[in-house]
J.: 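Structure provided below as structure tokens; questions to follow.
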Amino acid sequence: DTAVSQTPKYLVTQMGNDKSIKCEQNLGHDTMYWYKQDSKKFLKIMFSYNNKELIINETVPNRFSPKSPDKAHLNLHINSLELGDSAVYFCASSQRPETDRYGYTFGSGTRLTVV
Amino acid sequence: QQPVQSPQAVILREGEDAVINCSSSKALYSVHWYRQKHGEAPVFLMILLKGGEQKGHDKISASFNEKKQQSSLYLTASQLSYSGTYFCGTGLHGSSNTGKLIFGQGTTLQVKP
């Protein structure tokens with residue numbers, strides 16, 4: 001029944017490692033997003049895909065690479081993890097952004113801790 | 001570019017009312033409101049589009065003044081379940097086809113018995 005599911009929920013890893021976060025939505029939405037929420041709860045957009053096409057790519061280090069194999073999935077791969085990457089990463093999806101009449105549905109988040 | 005929310009935090013007793021404001025320096029196309037409880041994902045409350053509309057959702061309503069680039073969220077007769085952090089997310093003109101939202105810093109609301 002989960003609308004937007006992310007895995008894993010918690011991720012603890014050492015500096016320099018490479019890790020991936022997976023996201024899947026079963027709402028039939030065309031657009032998916034990655035947001036980063038820091039320790040001060042600030043939500044900042046990182047990437048967005050619309051039907052497998054990258055449409056938003058904010059100023060994010062090249063170590064972060066999104067991939068969307070189909071419109072229901074959006075994964076985030078992070079290379080050479082740094083301490084500053086520690087945050088909660090939220091996947092979200094929305095329907096018909098052209099009309100902007102529907103809100104985001106967020107996943108439950110992945111708490112990444114880099115040690 | 002980030003909208004500014006006020007107040008940063010508010011403490012209420014059950015049954016009291018609260019207003020949370022969201023102001024942007026950019027022309028807005030839309031304003032979204034979300035509530036996030038501790039350790040959980042933000043949950044969508046409502047959207048307001050340009051045109052100065054007002055919406056209601058049970059005892060939670062909101063207004064959008066396009067000219068002032070401001071939105072306000074009104075919580076009346078607050079309940080314990082209203083506790084959480086409220087975020088406004090602004091859609092700027094030109095971003096309507098991407099769905100990009102820029103979120104405010106959040107307002108923490110605590111409702112006490």
Side-chain angles (χ1 to χ4, degrees), chain A residues 2-7 9-10 21 23 25 27 29-51 53-60 71 74 87-111, chain B residues 1-5 8-9 20 22 27-51 53 55 57 60 62 64 66 71 73 84-110:
Chain A
T2 304
V4 181
S5 59
Q6 286 181 238
T7 54
K9 189 169 177 64
Y10 299 97
I21 306 171
C23 179
Q25 55 96 3
L27 297 166
H29 289 171
D30 289 329
T31 307
M32 297 183 72
Y33 312 82
W34 279 112
Y35 274 81
K36 178 181 179 181
Q37 186 171 46
D38 62 22
S39 58
K40 295 183 178 179
K41 296 188 179 178
F42 176 40
L43 275 162
K44 184 174 182 188
I45 190 165
M46 301 174 69
F47 302 102
S48 175
Y49 272 76
N50 186 58
N51 207 4
E53 179 186 354
L54 181 66
I55 57 172
I56 296 175
N57 186 350
E58 293 293 295
T59 307
V60 176
K71 76 172 192 176
L74 179 61
V88 179
Y89 291 84
F90 284 102
C91 175
S93 70
S94 69
Q95 182 178 5
R96 299 191 64 189
E98 296 88 348
T99 61
D100 201 21
R101 290 191 179 278
Y102 303 94
Y104 287 2
T105 300
F106 282 88
S108 57
T110 296
R111 181 173 293 276
Chain B
Q1 197 175 12
Q2 180 187 11
V4 177
Q5 290 183 228
Q8 288 193 342
I20 299 172
C22 175
L28 299 179
Y29 173 79
S30 65
V31 179
H32 296 215
W33 285 97
Y34 293 81
R35 176 171 61 210
Q36 183 179 29
K37 292 185 179 289
H38 182 70
E40 298 181 8
V43 174
F44 170 69
L45 295 176
M46 65 186 77
I47 287 181
L48 300 103
L49 301 177
K50 63 178 181 177
E53 64 174 338
K55 277 191 175 180
H57 187 274
I60 301 175
F64 178 26
E66 183 189 355
S71 178
L73 184 71
T85 301
Y86 289 78
F87 292 95
C88 66
T90 52
L92 304 181
H93 276 288
S95 68
S96 60
N97 61 335
T98 66
K100 174 181 175 180
L101 292 181
I102 301 173
F103 286 92
Q105 81 278 20
T107 295
T108 301
L109 178 75
Q110 185 180 3

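Note on naming: letters A, B, ... go to the chains in the order of the sequence lines (proteins, then strands), and numbering restarts at 1 for each one.
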J.: I'd like to check A:Met46 versus A:Glu58 (side-chain heavy atoms, cut-off strictly below 4.5 Å). Are they in contact?
T.: no

J.: Find the one option among B:Gln2, B:Glu40, B:Gln105 whose heavy-atom pairs under 4.5 Å with chain A are most numerous.
T.: B:Gln2

J.: If I measure from the heavy atoms of chain B, does A:Tyr104 come under 4.5 Å with its side chain, its backbone, both, or neither?
T.: both

J.: What part of A:Ser48 gets closer than 4.5 Å to chain B, counting heavy atoms only: side chain, backbone, both or neither?
T.: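 Side chain only.
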
J.: Who wins among A:Lys40, A:Arg111, A:Gln37 for the most heavy-atom pairs under 4.5 Å with chain B?
T.: A:Gln37

J.: Is A:Ile56 in contact with chain B via its backbone, its side chain, both, or neither, using a 4.5 Å heavy-atom distance?
T.: side chain

J.: Could you pull out all residues at least two apart from B:Phe103 that satisfy ring pair (Phe, Tyr, Trp, His ring centres under 6.0 Å)?
T.: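 Ring pair (Phe, Tyr, Trp, His ring centres under 6.0 Å) check on B:Phe103 returns A:Tyr35, B:Tyr34.
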
J.: B:Tyr86 pairs by side-chain hydrogen bond (donor to acceptor under 3.5 Å, both in side chains) with which of B:Arg35, B:Gln5, B:Gln36?
T.: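 Of the listed options, the one satisfying the test is B:Arg35.
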
J.: Are any non-hydrogen side-chain atoms of A:Val60 and A:Trp34 less than 4.5 angstrom apart?
T.: no

J.: With a 3.5 Å distance limit and no angle check, can you tell me whether A:Gln6 reaches the backbone of A:Tyr89 through a side-chain donor-acceptor pair?
T.: yes

